[in-house]
Peer 1: 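Below is one structure. I have some questions about it.
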Amino acid sequence: MTANIIETKELKNDPVFGQISFDGHEQIVFCNDEDTGLKAIIGIHNTVLGPALGGTRMWTYETEWHALNDVLRLSRGMTYKSAITGLNLGGGKAVIIGDAKTQKNDDLMRRFGQFVDSLSGKYITAEDVGMETRDMDVIREVTPHVTGISESKGGAGNPSPITAYGVYMGMKAAAKYQFGTDNLDGKKILVQGVGHVGETLVKHVTDEGAKVIINDINEARLEELSKKYGANVVLGNDIYGLDVDIYAPCALGATINDDTIHQLQAKVVAGAANNQLADEIKHGRLLKEKGIAYAPDFLINAGGIINVYAELEGYGKDEITRKTENIYNTTLDIFNLSEKEDITTHRAAFNIAQNRIDTRKKEQNK
Ligand code: NAD
């Protein structure tokens, strides 16, 4: 064997198709540009329902494997989010390896935009962690295949208020199923993470008379919002055993895990964070066994994608609101299906989404 050939027995998995998050993805594009220092990966999971739309995340990944796994996992999630929401979109996502605070600049964004453009619309980008509306405006200079641009440039603007409204709808549907009423007046609600989405959610539930407890790592933010909405504050990580009716994870993923699940006192889990269940199958089943109504994250946080989809379809605010309000009906359907078929709500939502994709694929192959 020559020196420049890697000993394959040293590798644990096949480099791409053997990754733990690989799930029949259609295409994975590695983007490299020496002049700007761009290193990015675009993951296209599925385009049966339409072009793969999903945001670009810029993050300082520990290794390139972490970046690859992240883009694989996130792009798959987008497929099911759009499918369950009834949008004619596939699932895609992109990651740029680097520090958004120090390494992001307009040349890098333009170069990334050229890679997006080279896919001729099969992948359409948008904002995610580390990105801002302004970055999308820069990408728009070199490709039309970008959403989430400024309202002044014809875009739909900040998606967070719509995302929060969809989460609120999903939470009300879960309350209807669990408590027999969707009225949140007097309900104790813990909102973990009061950033862009969390704050608007706090506003909606406070307006309805809920007793809100907020938690965040940013203490200044807690102080500000506590004054603004009269919410109670809880500091630190020890929040899962709090005596509340509803837990709304709006910070990070995987907060429902082996350590936290047995502490939960809430009877409903409904929040904005992506990938709330550390293990979709195991923790989904445990929540069901504990009688906790879990509103699937990828269903109830779809307001943001409904908002950017408007840019492609040309519909306005009324239609965005109508589609987002429909999250209420879909969430109730999912609870009923989960009960009827004795499956988790995550599985029920996933099955409906997969069914939609399979049906469309059959029609296309006729
Ligand atoms: P954000 O960054 O504005 O807010 C997140 C908040 O969580 C911040 O205030 C942060 O301080 C806090 N936080 C971080 N770690 C924490 C921890 N360990 N404990 C408590 N608080 C913590 O983000 P956002 O746009 O409000 O999004 C919130 C979540 O919803 C994210 O998981 C995001 O992926 C998801 N999401 C957002 C949108 C959207 O439209 N913004 C759409 C879909 C999903």
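One-based numbering, in listed order, for ligands and for the atoms of each. Note that these values count all heavy atoms, side chains included, but never hydrogens, waters or copies made by symmetry. For the single chain, residues carry numbers from 1 onward in sequence order.
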Peer 1: To check your reading of the model: name the closest protein heavy atom to atom 32 (O) of ligand 1, its residue, and the distance in Å.
Peer 2: Ala251 O, 2.8 Å
Peer 1: Quick one: do Glu151 and Lys317 make a salt bridge, cutoff under 4.0 Å?
Peer 2: yes
Peer 1: May I ask you to check if ligand 1 and Ser160 share an N or O to N or O distance below 3.5 Å?
Peer 2: yes
Peer 1: Atom CG of residue position Asn237 - does it have more than 12 heavy atoms of other residues, nucleotides or ligands inside 6.0 Å?
Peer 2: no
Peer 1: Considering only the protein, which heavy-atom contact is closest to atom 18 (N) of ligand 1, and what is its distance?
Peer 2: Leu252 CD1, 3.6 Å
Peer 1: Using the rule side chain to side chain donor-acceptor pair (under 3.5 Å), only one of Lys39, Arg111, Gln114 pairs with Asp33; which is it?
Peer 2: Arg111
Peer 1: Identify the residue among Lys187, Lys172, Lys203 that makes a side chain to side chain donor-acceptor pair (under 3.5 Å) with Glu208.
Peer 2: Lys172
Peer 1: Among all protein non-hydrogen atoms, which one is nearest to atom 3 (O) of ligand 1, and what is the separation to 0.1 Å?
Peer 2: His196 ND1, 2.6 Å
Peer 1: If you apply the rule side chain to side chain donor-acceptor pair (under 3.5 Å), what do you find for Thr56 with Glu127, and how did you get there?
Peer 2: CA-CA 6 Å; Thr56 296; Glu127 285 166 54; over 6 Å; no
Peer 1: Please indicate whether Glu64 has more than 12 foreign heavy atoms, meaning atoms of other residues, nucleotides or ligands, lying under 6.0 Å from its CD.
Peer 2: no
Peer 1: Taking distance alone, with no angle check, do Thr163 and ligand 1 share an N/O pair under 3.5 Å?
Peer 2: yes
Peer 1: Distance to 0.1 Å, residue and atom name: give those for the protein heavy atom nearest to atom 4 (O) of ligand 1.
Peer 2: Gly195 CA, 3.2 Å
Peer 1: So is there a nitrogen or oxygen of Cys250 less than 3.5 Å from a nitrogen or oxygen in ligand 1?
Peer 2: no
Peer 1: Considering only heavy atoms, which of Val197, Leu222, Asn301 lies nearest to atom 37 (C) of ligand 1?
Peer 2: Val197
Peer 1: For ligand 1, which is the ligand I care about here, please tell me if Asp216 has any N or O atom under 3.5 Å from one of the ligand's N or O atoms.
Peer 2: yes
Peer 1: Please step through ring-ring contact (aromatic ring centres under 6.0 Å, His included) for the pair Tyr61 and His66, ending with a clear verdict.
Peer 2: CA-CA 6 Å; Tyr61 291 98; His66 288 86; 7.7 Å; no
Peer 1: Which protein non-hydrogen atom lies closest to atom 30 (O) of ligand 1, naming both residue and atom, and how far is it?
Peer 2: Ala272 O, 3.3 Å
Peer 1: Examine Asn274 against ligand 1 and note whether any of their N/O atoms are separated by less than 3.5 Å.
Peer 2: yes
Peer 1: Determine, for Phe112 and Arg110, whether the Lys NZ or Arg CZ falls below 6.0 Å from the six-membered ring centre while staying within 45 degrees of the axis.
Peer 2: no
Peer 1: Do me a favour and list the nearest non-hydrogen protein atom to atom 17 (C) of ligand 1 with residue, atom name and distance?
Peer 2: Ile217 CG2, 3.7 Å
